[in-house]
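Comments concern the structure below.
In what follows, chains carry the letters A, B, and so on, assigned in the order in which the sequence lines appear, proteins first and then strands, with residues in each chain numbered from 1.
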Amino acid sequence: MTTKRTRVRFAPSPTGLLHVGNARTALYNWLFARHTGGDFLLRIEDTDLERSEVRYEAQLLEDMRWLGLDWDEGPGQPGEPEVGNFGPYRQSERLALYAEHTERLLAEGKAYRCFCTTEELEIERKQAAAEHGSQVYSGRCRNLLPTEIEKNLAEGKHFAVRLRIEDRPLRFHDLVRGPVEFAAETVSDPVLVRSASGVSAGIPVYNYVVTVDDALMEITHVIRGDDHLSNTPKQVAIYEAFDWAVPEFAHLSTILGADRERLSKRHGATSIATFREMGYLPEALVNYLALLGWGAEDGKTETFTLEELTRAFTLERVTPSPAIFDFEKLNWLNRHYLKLAAPERVVALTWRYFADRLPAQDAATGAIQDWFARLVAVFAPYVDCLEQLPAKTAFVFGFDAEAARMSEENAEVLAVDSAQTVLGELAGRVRAHTGVVIPETFKVWMNEIKAASGAKGKDLFHPVRIALTGAHSGPDFDKLLPLIEGGAVLGLGIASVRERVERFVGV
RNA sequence: GGCGCUAUCGUCUAGGGGUUAGGACGUGAGAUUCUCAAUCUUAAAACCCGGGUUCGAUUCCCGGUAGCGCUACCA
C-alpha cells in the first residue's frame with residue numbers, strides 16, 4: 001500500500017511580528033513534515049489589505065530562518081522568486097483562482113447569490129438572539145427564482161456569494177481531538193465572497209480562500225491553532241461542494257498567559273523577534289515551544305535538538321488542553337543552551353549589548369576581544385538571557401565607591417568590628433604594591449590580612465569584595481581579579497584594583 | 001444566548017480500570033563556596049465536582065462547573 005506524500009503548510013498573515021503561538025504552529029508543521037518525509041510550505045495570507053505590510057513578511061521569513069525552519073515551497077526573500085510548483089504562495093496573487101472557483105460553484109448551484117443587505121441581516125441576528133436561538137442565516141436568498149435574480153442584477157443590487165449547506169452533519173477527523181461533528185444548522189450558509197460594498201468589494205473571505213488554497217496545494221494535514229476549530233465545518237462543506245478530499249486536521253491548543261488569558265503583549269515578550277533581541281537562543285525557544293503542548297514518549301526527556309525533535313515528534317502525542325507560557329522554564333532551557341553553545345558564538349551574540357562600553361567587535365583590538373570573551377564566560381552562568389549581561393557586569397566597567405559605601409546591605413557588613421581593620425590592611429598592601437595584582441598575590445594578602453585582623457570567612461571576604469566590586473556576592477576572586485586588572489589596561493576606563501581600593505577606602 | 005473544545009502537583013507534562021500517580025521548571029532544605037550564580041542530593045506539592053458502569057474508577061459513560069474558542073460580508 002502506498003501512502004500519499006504528506007504536505008503541510010504554515011499560513012501566517014503578515015500583519016505583525018511572529019508570535020510564539022504561531023511559531024509553535026509553524027514548528028509543529030515543520031516537525032511533522034520532516035518526521036514523515038513530506039513537504040513543508042509557507043503561504044502568506046495577505047488578503048487583509050489594510051493590515052498586511054511587506055516589512056512584516058520579510059521579518060517573518062527572517063524569524064523562520066532564525067528558528068531553523070526552512071520551507072520546501074513558498075515565497076523567497078523580497079525580490080527573489082518563489083519556490084514550488086503550487087504557487088503563487090501569496091493569497092493576494094491568487095484572486096483570479098478564487099474567482100474561477102466561485103463561478104464553478106455558482107454554475108453548479110452549490111453556491112448562490114445573496115442580495116440581503118447588512119441591515120437586513122442585522123435584524124435577523126437580533127431576532128435570533130432574542131429568541132435564544134443560534135444566530136444563523138435564514139436562507140432567505142437560497143431559493144430565489146432565476147427571474148428574481150435577473151431582476152436584482154438588472155437593478156444593480158450588490159450581492160454576496162453564499163455556499164449552500166446540505167442538511168447533514170459535517171464531520172471531520174482531528175488527530176489531536178479525535179472525531180468532531182457539527183450539525184448542519186449550526187453552520188448555516190456561509191458567505192464565500194463579499195458583496196460589492198466597501199473596500200473589500202468582491203474579495204473572497206478567509207474560510208473560502210484557505211480551503212481553496214489548501215486543496216489546490218494538495219495539503220494533506222492541516223495543522224493550526226484551535227481558534228479555527230469552529231471554522232472547520234464550513235471548510236469541510238467547501239471541500240465537499242468541490243468534491244475534494246477532506247484533509248486530516250490537527251488543532252493545537254491556545255497558549256495562555258499566567259492569568260489564563262490568551263497570551264498577548266501585556267504578558268511581556270511574545271514575539272520571536274523580541275526573544276531574539278533579548279538574547280534567547282533559537283534552540284532554547286524551539287525546545288521550549290516543542291514542549292508546550294507535546295511530550296516525549298518516555299515522559300521524561302526535556303532537552304532536544306531539532307534533529308532529535310524531528311525523530312521523536314508525532315501529532316498523536318500533542319496535548320489538546322491549553323498551555324500556560326512559563327517564562328521560568330524557557331529561562332532554564334536558555335541557560336542550558338547557553339552553557340552548551342560555542343563560546344565564540346555567545347561572545348558574538350553578546351557584543352551588541354555592550355555598544356556603549358566597547359568598540360564594535362570587528363573594530364576591537366585582539367586584547368579587548370580576548371578580555372571580553374573571558375568576561376562573558378565568567379558571567380554567562382549568571383543570566384537567563386544575554387540581555388542581562390550588561391547589568392550583571394556593570395560594576396566591572398564603572399565602579400561606584402560612593403554607592404558601595406551607602407548601600408544598606410553593605411553597611412551591615414562594614415559595620416562589623418573587624419571590617420575596617422581588614423580594609424586598612426588591604427589598602428596598605430595595595431598601596432605598597434606595584435604592577436598588576438594577580439590572584440596568587442591576592443591569596444597571600446588575604447592570608448596575611450586574616451592573621452592581622454583576626455577576621456575570617458565572610459567577615460574577611462565580604463569587606464574586600466565590597467571594596468572591589470561594590471557588592472558582597474559575585475564570581476570567585478580568582479576569576480574576578482584578572483578581569484578587573486586585565487580590563488584596566490584596555491583603555492576602556494575600567495578601574496584597576498588599586499584605583500578601586502583607593503576610591504573606596506580613601507577619604 | 002447557541003455551538004464547539006478543554007480539565008493530573010503553582011506551571012509544562014507522563015500514565016492509565018487495581019500504581020508508593022512518574023519526570024521537568026519553580027519553591028524549601030542540605031552539600032560545595034568568602035558570597036552569589038552554577039552544580040549535586042533531597043523534600044513538599046496534583047487526578048475539578050456529582051452521578052452511572054464495575055468487585056474496584058483518577059482512568060470509561062452521562063451531567064454539572066469552570067476556562068477558552070467560534071458565533072462577521074476579520075484573518
Identify, with sequence neighbours excluded, every residue that meets ring-ring contact (aromatic ring centres under 6.0 Å, His included) alongside A:Phe304.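 By the ring-ring contact (aromatic ring centres under 6.0 Å, His included) rule, A:Phe304 matches A:Trp294.
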List in chain and number order the residues that pass ring-ring contact (aromatic ring centres under 6.0 Å, His included) with A:Phe442, two or more places apart in sequence or in another chain; answer none if no residue qualifies.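 Listed in chain order: A:Phe477.
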Residue matched to [N] through Watson-Crick or wobble contacts both under 3.5 angstrom:
| N | result |
| --- | --- |
| B:C36 | none |
| B:C47 | none |
| B:G28 | B:U42 |
| B:G17 | none |
| B:C60 | B:G52 |
| B:G69 | B:C3 |

Between [options], spot the one nearest the side chain of [X], thanks.
| X | options | result |
| --- | --- | --- |
| A:Phe461 | B:A75, B:C34, B:C3 | B:C34 |
| A:Lys234 | B:C12, B:U71, B:C34 | B:U71 |
| A:Leu121 | B:U35, B:G69, B:C73 | B:C73 |

Which pairs count as salt bridge (charged side-chain N to carboxylate O under 4.0 Å, His left out) when at least one residue sits in [range], sequence neighbours excluded?
| range | answer |
| --- | --- |
| residues 326-335 of chain A | A:Glu302-A:Lys329, A:Arg335-A:Asp384 |
| residues 14-29 of chain A | none |
| residues 167-176 of chain A | A:Arg168-A:Glu240, A:Arg171-A:Glu181 |
| residues 203-214 of chain A | A:Arg9-A:Asp214, A:Arg43-A:Asp213, A:Arg43-A:Asp214, A:Arg94-A:Asp213 |

Pairs satisfying side-chain hydrogen bond (donor to acceptor under 3.5 Å, both in side chains), at least one member in residues 229-238 of chain A, at least two apart: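 Qualifying pairs: A:Asn207-A:Gln235, A:Arg224-A:Thr232, A:Arg224-A:Gln235, A:Thr232-A:His251.
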Hey, what do you get for CG (A:Asn22) to CZ (A:Phe10), rounding to the nearest 0.5 Å? 5.0 Å
With no angle test and no hydrogens, is the base of [N] tied to the side chain of [X] by a donor-acceptor pair under 3.5 Å?
| X | N | result |
| --- | --- | --- |
| A:Tyr382 | B:C36 | yes |
| A:Thr254 | B:G69 | no |
| A:Arg262 | B:C68 | no |

Could you tell me whether [X] contacts a base, only the sugar-phosphate backbone, or nothing, with contacts defined as non-hydrogen atoms closer than 4.0 Å?
| X | value |
| --- | --- |
| A:His251 | nothing |
| A:Phe182 | sugar-phosphate |
| A:Asp476 | base |
| A:Asn231 | base |
| A:Lys392 | nothing |
| A:Arg317 | sugar-phosphate |
| A:Leu460 | nothing |
| A:Gly225 | nothing |
| A:Ala160 | base |

Salt bridge (charged side-chain N to carboxylate O under 4.0 Å, His left out), that's the test. Do A:Glu283 and A:Arg345 meet it? Break it down for me. CA-CA 13 Å; A:Glu283 56 267 45; A:Arg345 179 181 169 215; 2.8 Å; yes
Just the rounded figure in Å: distance from [atom2] of [N] to [atom1] of [X].
| X | N | atom1 | atom2 | answer |
| --- | --- | --- | --- | --- |
| A:Asp478 | B:U32 | CG | P | 19 Å |
| A:Tyr288 | B:U11 | OH | P | 12 Å |
| A:Arg90 | B:A75 | CZ | P | 18 Å |
| A:Phe327 | B:G10 | CZ | C1' | 16 Å |
| A:Phe325 | B:U13 | CZ | P | 12 Å |
| A:Ile255 | B:G67 | CD1 | C1' | 16 Å |

With RNA chain B as reference, determine whether A:Val318 or A:Glu261 sits nearer its 5' end, using the nearest nucleotide of each.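 This one resolves to A:Val318.
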On RNA chain B, compare the nucleotides closest to A:Gly293 and A:Asp46; which residue's is nearer the 5' end?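 Nearest nucleotide further toward 5': that of A:Gly293.
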Roughly how far apart, to the nearest Å, are [N] and [M] at atom [atom1]?
| N | M | atom1 | result |
| --- | --- | --- | --- |
| B:A44 | B:G26 | C1' | 13 Å |
| B:C3 | B:C60 | P | 24 Å |
| B:A45 | B:A29 | C1' | 15 Å |
| B:A24 | B:U41 | P | 9 Å |
| B:G4 | B:C62 | P | 13 Å |
| B:U6 | B:A75 | C1' | 23 Å |
| B:C48 | B:U32 | P | 42 Å |
| B:C9 | B:G22 | C1' | 12 Å |

What does the B/S/- profile of nucleotides 22-29 of chain B look like, 5' to 3', with a 4.0 Å heavy-atom cutoff to protein? BBBBS---
Taking atom CD of A:Glu297 as the centre, report whether more than 12 heavy atoms of other residues, nucleotides or ligands fall under 6.0 Å from it. no
Does A:Asn447, at its CG atom, have more than 12 non-hydrogen atoms belonging to other residues, nucleotides or ligands within less than 6.0 Å? yes
Within the stacking criterion (centroid distance below 5.5 Å, interplanar angle below 30°), does A:His228 stack on B:G69?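 No.
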Please walk me through it: do A:Cys141 and A:Phe159 pass side-chain contact (heavy atoms from CB on, under 4.5 Å)? CA-CA 10 Å; A:Cys141 298; A:Phe159 63 88; over 6 Å; no
Would you tabulate the nitrogen or oxygen pairs shorter than 3.5 Å linking the protein to nucleotides 5-8 of chain B?
{"unit_1": "B:C5", "atom_1": "O2'", "unit_2": "A:Arg177", "atom_2": "NH1", "d": "2.3"}

For A:Leu330 and A:Phe325, work out which heavy atoms get closest and say how close.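 So the minimum-distance heavy-atom pair works out to CD1-CZ, 4.2 Å.
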